[in-house]
A.B. asks: 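Encoded as structure tokens, here's the structure I'll be asking about.
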Amino acid sequence: MPPHHVLDREVADLIVSVLNLETTADRVLADAPLFGEEGDLGLDSIDALELALEIGERYGFEFEADDDRNTEIFASLCALCRHIEENRTK
Amino acid sequence: MASQGPVAAELPHVSRPTTENRAKAAIDLRLAYPDEVVAWRGGRPLYRRSLLADAAELAKRLPHGEAVANYCVDRYRFMVAFVAALMSDRVTLLPSDRTARTLIELAAIHPDICCVGDGDEAPSVPSLPTVHLDCDGIAMTQVAAPPFAVDPIRVVAHVFTSGSTGRPAANPKTWGTLVAKGHLFRDVLGMQPDEPVAMVATVPAQHMYGFECSILAPLMTPTAAHVGRPLLPPAVAAALASLPAPRVLATTPVHLRALVRAQQQLPEIACIISATAPLGVELAEIVERTYATRLLEIFGCTEAGIIATRRTSREEEFTCPADIWIRALGGTHFVEAHHLPGPVPITDVINLLSASSFRLKGRARDIVKIAGNRASLAGLNAILGGIDGVVDAVFFVPEDDPSGPTERLVAFVVAPGRSDQDIRRELGRRIDPTFLPRRIHLVAAIPRNETGKLTREALLALLQETTTDDT
């Protein structure tokens, strides 16, 4: 598996476990929107808050203060993983 | 500055309602303080003068109609749209969520509705007129807003909740009630009444709590709201840091828990207020210690607004502000106040200690509150049961742990031939994502008793059963 796919899978697992979703990690599609009415998972801002904390702790970085930017970061699994890759310290 | 002086002089003894109201509206909206800050955006103060001018301008270009659905996210623009509706004799609708379904339901109640929004977060219903608001409040205007009259008994806003039938339930608010609420909110902070205060709120302006603290208090008192709705801990810190002291943070236990967990540093805060869900004593103590501040918990509801407050780290009982009192009548508790049109039943279980103090004993079983959003379980059940192919269905709150992280729902559904994903997708179009069940359990039957009633015990047993099966 290429390295970025490993991360994809890891983060998908984390989303499913942190939010206690009934879906499985392989059903979290890389490009599908994570949040809102159109999102397959129908996640909301409180989910984003819980995920951000968990991801920040796991990968050793802080999300930004700019919420507009965070909307982009949480747009999809793919976008989220790209952001983790760029900022992780562990 | 405004015309209240001369108007008052003309009217020594004679009661002429319209002119009196004009003078009253001037006082209510602090028209005499045009240079007061009502909001902050990106570290820049936005003044009352600009707010009134922008509102007068918007009032002129609102499409014909009597109702305005206010979807503005930016609190300055929300205020502009709200005051524009006041000026032009329109009623403001505060939708309970941002789904197209809710907007269509509102349009069924108010056929000549128009939507005002400031971004892409407003639902799009092509048949309804929509006004996009992009005023930034920065252009300094010298134009004084025209004086306008608001009758204290006029209904100026409907705050919507999802009602027990699954349709939006309107909570009408008169101007007199809202004016009192703006002042009341400011009073409970326990700060000097004339002192300018700057506030960050993490809750939307469309819900009663956010409306009272971040819209009404700035309109009626020297309180200025940060325009944003920061979510992540660093965003909350940045928003607070962009404001001058004394600062107030209006938030919820969910957001507070996140701040503590992230060990987020915050600038000095004079007072934090928390509402929408029970605040754990332990969390309250940690927050007060970490941020060297006072943390007040507000007990309220959409129908009545603020009912009581307590300093959770020190007090077990809630105390009502002056002019609010509680009465027990036939097994139900009612909150009463001069500013409320009538007694409002309290749905939570309380233990009344005096007319103005009580202990909270339990949450109402039908109402679920998640991060400032509130829904009736009966209403959610009605929506779920209305989905094609669903024979029977019920939402369930598995645990009611006030110190737990976030209350989430599960649903039991009898729907032969439909998948859980199908149902989730359909449900996602109809309800706010906050209330989407974490798990949808497809079951053969819902364990109703002979009278069709469901007990919590039966549902807990069913949950146990399905969870064991899943693993």
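Convention: sequence-line order gives letters A, B, ...; per-chain numbering from 1.
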A.B. asks: Compare every heavy atom of B/Leu231 with every heavy atom of A/Leu49, then report the nearest pair and how far apart it is.
C.D. replies: CD1-O, 3.4 Å
A.B. asks: CG/A/Leu53 to CD/B/Gln264 distance, rounded to the nearest 0.5 angstrom?
C.D. replies: 10.0 Å
A.B. asks: Answer yes or no: is there an ion pair linking A/Glu50 with B/Arg261, defined by an N-O contact shorter than 4.0 Å?
C.D. replies: no
A.B. asks: In terms of heavy-atom contacts, does CD of A/Glu86 have more than 12 from other residues, nucleotides or ligands at under 6.0 Å?
C.D. replies: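 Result for CD/A/Glu86: enclosed.
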A.B. asks: Could I get the full list of side chain to side chain contact (heavy atoms under 4.5 Å, CB included) partners for B/Glu426, not counting sequence neighbours?
C.D. replies: B/Ile387, B/Arg418, B/Arg429, B/Arg430
A.B. asks: Does atom CZ of B/Arg44 have more than 12 heavy-atom neighbours from other groups under 6.0 Å away?
C.D. replies: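 No, not enclosed.
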A.B. asks: What residues, two or more places apart in sequence or in another chain, satisfy side chain to side chain contact (heavy atoms under 4.5 Å, CB included) together with A/Asp26?
C.D. replies: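 A/Asp26 satisfies side chain to side chain contact (heavy atoms under 4.5 Å, CB included) with A/Arg9, A/Thr24 once adjacent residues are dropped.
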